[in-house]
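A quick write-up on the structure given underneath.
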Amino acid sequence: MTPQPVRIAVELPAGPAEVSGLWSAPARSRATVALAHGAGAGMEHPFLAGLSDALSADGVAVLRFVFPYVEAGRRMPGPAAHAVATWRGVEAWLAAHAPGAYTAVGKSYGGRMASVAAAEGAIAPARLVYLGYPLHPPGRPDKLRSAHLPAISVPQLFVEGANDPFIDPREQFDEVVASCQDARVRWVEGGNHSFEVKGARRPAEHIGAGLAGVVGAFARGR
């Protein structure tokens, strides 16, 4: 299925704006996912493309999108308020084009920003999936990004590489997950922050597609 380009309205603090999106809707979708990119890559990154294609093939409608800094051609993420506003705009777009419950999914930064938006009440997804949650910068476990997570009442799924430096030490990550109201973890043994496993050379699109079963099942409430 070829994704269809769409434009998503976003109300930024400075005024109205638009960001680009890609919409894939199977004829009979069984769930809907909004899929955000990580800090260093846009929505067309092979990992996200592989995941989106595999989800669509499994009957899941997928809206990929970019944050305003990517739309503007910048490499570094903008203010968190811009990302929250983008998630709000994505939810509004889905309400108009695919009414019903949806699951917010994000790679690293994109997932963290979804959690912030949900904790603030800016969006109301049925579920949240974090693909490599960036709990702290590598080597800086004192810089936690988790204070808001216990405020989220909907189910949360952390898909994590067991060798991801963003969640090391593991004990600290386990404590954060335990502090959430409703959270579970799905481990990728040997995986790093990009879910690459040492010694197993696979293209990024294959790695993304390999997570579709886990993400799709959770989006369908399983």
Side-chain angles (χ1 to χ4, degrees), residues 1 3 6 8-11 19 21-38 43 48 51-67 80 83-134 145-160 176-187 208-209 211-222:
M1 175 181 297
V6 299
I8 301 166
V10 178
E11 288 295 329
V19 296
L22 290 171
W23 174 237
S24 302
R28 294 185 178 179
S29 60
R30 295 184 289 169
T32 301
V33 159
L35 180 58
H37 59 79
M43 65 181 177
L48 292 188
L51 173 58
S52 178
D53 289 348
L55 285 170
S56 296
D58 192 35
V60 178
V62 181
L63 176 62
R64 278 182 276 163
F65 62 94
V66 300
F67 291 108
V84 170
T86 305
W87 269 109
R88 187 185 297 114
V90 166
E91 182 172 274
W93 191 96
L94 287 174
H97 297 87
Y102 79 97
T103 299
V105 183
K107 177 69 181 80
S108 193
Y109 168 83
R112 181 168 74 92
M113 290 297 99
S115 72
V116 171
E120 293 181 358
I123 60 172
R127 299 169 189 82
L128 290 142
V129 179
Y130 314 122
L131 303 173
Y133 190 88
R145 303 156 171 160
S146 61
H148 62 289
L149 293 176
I152 298 172
S153 60
V154 300
Q156 303 173 79
L157 173 64
F158 293 80
V159 181
E160 302 292 341
V176 168
V177 174
S179 74
C180 297
Q181 296 184 45
D182 184 352
R184 67 190 76 169
V185 183
R186 183 63 176 262
W187 292 105
L211 298 178
V214 173
V215 175
F218 189 73
R220 292 192 294 270
R222 298 178 184 174

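Taking the salt bridge (charged side-chain N to carboxylate O under 4.0 Å, His left out) definition, one finds that Arg184 meets it with nothing, sequence neighbours left out. Residues satisfying the side chain to side chain contact (heavy atoms under 4.5 Å, CB included) criterion with Ser29, sequence neighbours excluded, are Pro26, Ala61. For Glu120, the side chain to side chain contact (heavy atoms under 4.5 Å, CB included) partners two or more places apart in sequence, or in a different chain, are Val84, Val116. The salt bridge (charged side-chain N to carboxylate O under 4.0 Å, His left out) search around Asp58 returns Arg30, Arg220, not counting sequence neighbours.
When all heavy atoms of Val62 and Ser56 are compared, the closest pair comes out as CG2-OG, 4.0 Å. The two residues Val90 and Ala34 have their closest heavy-atom pair at CG1-CB, 3.7 Å. Heavy atoms only, all atoms of each residue included: Ser115 and His148 are closest at OG-NE2, 2.7 Å. The minimum heavy-atom distance between Pro3 and Leu22, with the atom names listed, is CB-CB, 3.9 Å. Here the closest non-hydrogen pair linking Ala212 and Leu55 is O-CD2, 3.5 Å. Contact record, Trp87 with Ala36: CZ2-CB, 3.5 Å, taken as the closest heavy-atom pair.
Between the His37 side chain and the Phe67 main chain, a donor and an acceptor come within less than 3.5 Å of each other. Without hydrogens or angle criteria, Gln181 side chain to Pro150 main chain gives a donor-acceptor distance under 3.5 Å.
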Atom pairs and distances, donor-acceptor, side-chain atoms in residues 95-105, under 3.5 Å, two or more places apart:
residue	atom	partner	partner atom	Å
His97	ND1	Trp93	O	2.9
Tyr102	OH	Glu91	OE1	2.7

Donor-acceptor pairs under 3.5 angstrom involving side-chain atoms of residues 126-134: please list them, not counting sequence neighbours.
residue	atom	partner	partner atom	Å
Arg127	NE	Phe218	O	3.3
Arg127	NH1	Ala219	O	3.4
Tyr130	OH	Gln156	OE1	2.6
Tyr133	OH	Arg145	O	2.6

Residues Leu35, Val215; criterion side chain to side chain contact (heavy atoms under 4.5 Å, CB included); working and verdict: CA-CA 11 Å; Leu35 180 58; Val215 175; over 6 Å; no
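A 4.5 Å side-chain heavy-atom check between Leu149 and Phe158 finds at least one atom pair inside the cut-off.
Note that the OG1 atom of Thr86 and the CE atom of Met113 stand 10.5 Å from one another [nearest 0.5 Å].
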